[in-house]
Novice: 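Attaching a single structure in structure tokens format; questions to follow.
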Amino acid sequence: MVAQVIDGKAFAAKVRAQVADQVAKLKEENGITPGLAVVLVGEDPASQVYVRSKGKMTVEVGMNSYEHKLDVDTSEADLLALIEKLNNDPAVHGILVQLPLPKHLNEDLVINSIDPAKDVDGFHISNVGLLGTGQKSMVPCTPLGCLMMLRDHHGSLSGMDAVVIGRSNIVGKPMAQLLLGDSCTVTIAHSRTKDLPDVVRRADIVVAAVGRPEMVPGDWIKEGATVIDVGINRIERDGKTKLVGDVDYASAAERAGAITPVPGGVGPMTIACLLANTLTACCRSNGLPEPEGLTA
Ligand code: NDP
């Protein structure tokens, strides 16, 4: 079997177009422009790239983008004061604090100081609890993007066996919650899991979120399974720097029914879902109906 490629880049463009349509409608019918504030502390090069592309895409879908770049030695009190200001600013519907933060800042404290209704990353403890109890929440962008691709490919996920490899708070755990919410039978695997190959071989859906280049070989994949590769790993091969996922794409594509590539799979969906979450937050805060198909 040669797997169908799930084109995350094309799908993300579709999601962004949907968001842009809804934003235009909001402006025309309600005079509201959704606004996303992104806070970057320090000068981590990867974070700077992410923040720049988030800002660019926010503007492209017609939203307002507010970038706050703070010095690496910004005090916790000053950062919390900025978040408080953004929490109270009616023009700001979404707030994202780019992680990781410099070591002297308490990440949990900072994230939990964001108004949960504006927490478009879905990391606030209230949103984690709401998701875990199957209530309406802000859902972390990467797992939301994975869920959208899976729903688009399969329609219903009900009754499918899903294995999520990785149990981080930002990908693995929320991914598992979302799959459970869609009535999959979910296994969460991690570094202490016994017989990982056997666990993965049972899965109709494999989500790999590990951070180890090409760790999952094709012979772990059940014939016809759907593989969602969240991993982004930079490696040197043939003298060149290359991005690869957590799955060995070439061998997995020979057995899977469908697979996301790296790059061009989950990555582009993450920013598209950030924009979708900002739109959702804006609609909720104004008592307007939520955009269809853009939430969990
Ligand atoms: P973390 O490092 O926080 O978590 C990795 C998880 O993988 C842990 O739960 C760990 O288990 C598990 N793990 C590590 N080694 C093994 C192993 N040998 N066998 C089984 N499980 C193992 O990573 P993240 O969740 O933050 O990210 C995972 C990957 O996804 C990274 O490559 C990251 O770059 C990428 N990513 C991509 C995004 C995108 O937009 N496409 C967004 C976010 C992340 P344990 O808990 O036992 O240590």
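Every number for a ligand or one of its atoms is a count from 1 in the order of the listing. Computed from heavy atoms alone, side chains included, the values below leave out hydrogens, waters and symmetry copies.
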Novice: Check each heavy atom of V230 against ligand 1 and say whether those closer than 4.0 Å belong to the side chain, the backbone, both or neither.
Specialist: both
Novice: Does G267 come within less than 4.0 Å of ligand 1, judged by its heavy atoms?
Specialist: yes
Novice: With a 4.0 Å cut-off on heavy atoms, is T193 touching ligand 1?
Specialist: no
Novice: For atom 15 (N) of ligand 1, which protein heavy atom lies nearest, and how many Å away is it?
Specialist: R212 NE, 3.0 Å
Novice: Can A209 be said to touch ligand 1, with heavy atoms closer than 4.0 Å?
Specialist: yes
Novice: Nearest protein heavy-atom contact for atom 13 (N) of ligand 1: which residue, which atom, what distance?
Specialist: V210 CG1, 3.5 Å
Novice: Is a donor on one side and an acceptor on the other found under 3.5 Å between the side chain of D246 and the backbone of V216?
Specialist: no
Novice: In plain terms, say whether R16 and E60 are close enough for a salt bridge, that is, a side-chain N and a carboxylate O under 4.0 Å apart.
Specialist: no
Novice: Could you tell me the residue and atom name of the protein heavy atom closest to atom 34 (O) of ligand 1, and the distance to it rounded to 0.1 Å?
Specialist: I232 O, 3.6 Å
Novice: Do the charged groups of E236 and K240 touch, with an N to O distance under 4.0 Å?
Specialist: no
Novice: Are any side-chain N or O atoms of H104 and backbone N or O atoms of T74, one a donor and one an acceptor, separated by less than 3.5 Å?
Specialist: yes
Novice: Looking at E214 and R237, does any basic side-chain N land under 4.0 Å from a carboxylate oxygen?
Specialist: yes
Novice: Measuring from non-hydrogen atoms of M269 to any atom of ligand 1, is the shortest distance under 4.0 Å?
Specialist: no
Novice: Does K27 reach the main-chain N or O of I32 with its side chain, forming a donor-acceptor pair under 3.5 Å?
Specialist: no
